[in-house]
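To start, the structure under review is shown below, and the notes come after it.
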Amino acid sequence: MTLVLFIDMDYFYAACEEARHPEVKGKPVVVGTAPPNDKLRGVVQTCNYEARKLGIHSAMPTSQAFKLDKNLVYFGDDYKYYGEMSEKVMALLKAYGHRTEVVSIDEAALDLGEMGYDGARGQAEAIKKEIMAKFGLPCTIGISTGKIYAKMMCDESKPNGLGIIEEKDLKAFLKGKDVIRILGVGKKTADRLNAMGIDTIGKLAKADPNVLIDNFGIFGKELYQLANGIDTSRVEDKYTILSIGRERTLQKETTDMKVVESMIKELAKEAIEELNRQHLWFKGISVKAKYTDFTDKIKNKQFNNYTDSLDLLTTEGVKLIRPLITDRAVRKVGIRVSSLAKREGQKKLS
DNA sequence: CAATCGCTTCACT
DNA sequence: CTAACGAGTGAAGCGATTG
C-alpha cells in the first residue's frame, strides 16, 4: 500500500512575514491585498492564529479586521517574497527523493511509496523539523492512502500538526464529515448536495451514483468513489501553469479609457515578468473589467503563434478592453495570458 | 462531430 | 439585525463556433 504525504504551510503569507519580522510574533498579524494608497479597501488574504482567535479570516474586508482589533499588525501582500520562500520549501521537499507534486504556493504532495505508517511518520517529523529550522515556518502534514484523504487529514490537524489516517480507519474517518470538506466542493456544490439530502460524506457514499453523475457529470462519479474509500488521484511530479494574470483595483472608479490604459500597461508588464520567470510563451490573452456593481466582463483573443512580446500584449490588451469601457464606471481591470508553452526546444514563429 | 474559442462560474487564500 | 463589507489568482465548465 503506497502512502501519500500532504503538506500545507500554516497561515503561509503571514508566517513568511513573521519569519522576516520576528518582533511581531505573538501579535495578531494580517496580510491583506493592498490597492495602492488605501489598505482599508482591500481584504484579508491570510492571518495568523492570534488574529483568527479574534474572528478575523480570509476574504474579510480589511476595514472590518481593523474594527476587531485596531492594533493588529498589517502587511500588504508581497507575492514575490512568498514565491521565493515557497520555492525554497519545495526544493527542500524534493530533496527527500519522492515523487513530489507542487499543488499550490503553500501545498505539496509526496508519494512515499511502500514505507509503511511508521516510516511515513518518521519522514514527516523530519520534514517538519527541517522546514522550521531552516526557514522558521510552521507546517502541517497529513498522511493517508490517497492524496485527497491525506489533504483532508492535513486540514484536520492544523496548525503545526501531523495526522495519519490508516486504511482501516478510513470509512469511519470519512463518515461524519461535511461534504464541503472534499477538495473541489465549495459552497455552491455543497448547497446542491444538501438540497439532495446529502450533507455528510457518509450519506454521499450511500447515494445513487447514477443520480450523482446526472447532476455533476464526471465529478459526480469521483465524488461517489471518494466517499467510498477510493481515491483515484495521483501524485503528479509536474506542475503545469495554465495561465498567468494580474488584476488591480483602481484608486478611483472611472470611465476614462486613459486611466484604464495605463493600468493595463502596468499589469501587462507584471504578467510578462512572471511569464519570463517561468520561461513560457503565450498564445492567448484575456482582459477583464469589473464595474462598480461588482459584475465583470471578460474579453479573450487567441493569436496564431506563440510570443513573449510585452508590446503585443499591451497593444492587444488595450484594444480588447476598449469595448468594455463605456459609461459604466469601472473599479478594477485585469489582464491574463493563457495557452502557454515551454520555451525550450520550441521555435517561436513570428 | 471533435477541437477550439469566448466567456462565465467557482474555489481558495 | 443578513446588508454591506468586497482583492487577487487561477482552473473548470459550457455553449457557440469552426474546420
Between A:K288 and A:F294, which has a closest nucleotide on DNA chain C that is more 5'?
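Comparing both residues, the 5'-ward one is A:F294.
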When you match A:I241 and A:T292 each to their closest nucleotide on DNA chain C, which lands nearer the 5' end?
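Comparing both residues, the 5'-ward one is A:T292.
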Mind checking if [X] touches a base, just sugar-phosphate, or nothing, with heavy atoms under 4.0 Å?
| X | result |
| --- | --- |
| A:I105 | nothing |
| A:E247 | base |
| A:R246 | sugar-phosphate |
| A:K299 | sugar-phosphate |
| A:L242 | sugar-phosphate |

C:dA4 to C:dG8 separation - P atoms, rounded to the nearest Å:
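Going atom to atom, P in each nucleotide, I get 22 Å.
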Would you measure the distance from the P atom in B:dC12 across to the matching atom in C:dG6 and give it in whole Å?
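One P to the other, the span is 24 Å.
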Quiz question: by atom type and distance under 3.5 Å, do the side chains of A:S243 and A:R336 form a donor-acceptor pair?
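Yes, because at least one side-chain N or O of A:S243 sits under 3.5 Å from a partner of the opposite role on A:R336.
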Quick one: [X] [atom1] to [N] [atom2], roughly how many Å, whole number?
| X | N | atom1 | atom2 | answer |
| --- | --- | --- | --- | --- |
| A:E253 | C:dG6 | CD | C1' | 14 Å |
| A:D155 | B:dA11 | CG | C1' | 14 Å |
| A:Q302 | C:dT17 | CD | C1' | 13 Å |
| A:K290 | B:dC7 | NZ | C1' | 16 Å |
| A:Q45 | C:dT9 | CD | P | 8 Å |

Nearest to the [X] side chain among [options], which nucleotide is it?
| X | options | value |
| --- | --- | --- |
| A:P61 | C:dG6, C:dA7, B:dG6 | C:dG6 |
| A:K297 | B:dT8, C:dA7, B:dC7 | B:dT8 |
| A:I244 | C:dG10, B:dT13, B:dT9 | C:dG10 |
| A:Q64 | C:dC5, C:dG8, B:dC5 | C:dC5 |
| A:R331 | C:dG6, B:dT13, B:dC5 | C:dG6 |

Below 4.0 Å: OP1/OP2 of [N] and any side-chain N or O of [X]:
| X | N | result |
| --- | --- | --- |
| A:S243 | C:dA11 | yes |
| A:K301 | B:dG6 | no |
| A:R336 | C:dG10 | yes |
| A:T249 | C:dG8 | yes |

Start at the 5' end of DNA chain B and walk down; is the nucleotide closest to A:E107 or to A:L320 reached first?
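Between the two, 5'-proximity favours A:L320.
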Please report whether the ring centroid of A:Y13 lies less than 6.0 Å from that of A:Y81.
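Centroid distance A:Y81-A:Y13: not below 6.0 Å, so no.
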Going by heavy atoms in the side chains, are A:K158 and A:Y11 under 4.5 Å from each other?
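SC-SC contact between A:K158 and A:Y11 ruled out.
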Are A:K53 and A:Y49 in a cation-pi contact, defined as NZ or CZ under 6.0 Å from the six-membered ring centre and within 45° of the axis?
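No, A:K53 and A:Y49 do not form such a contact.
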May I ask you to establish whether A:K283 and A:Y306 are in a cation-pi arrangement, using a distance under 6.0 Å from NZ or CZ to the six-membered ring centre and at most 45° from the ring axis?
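The answer is yes, since A:K283 meets both limits relative to A:Y306.
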Within 6.0 angstrom of A:D118 CG, more than 12 heavy atoms from elsewhere
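At most 12 heavy atoms, drawn from other residues, nucleotides or ligands, come within 6.0 Å of this atom.
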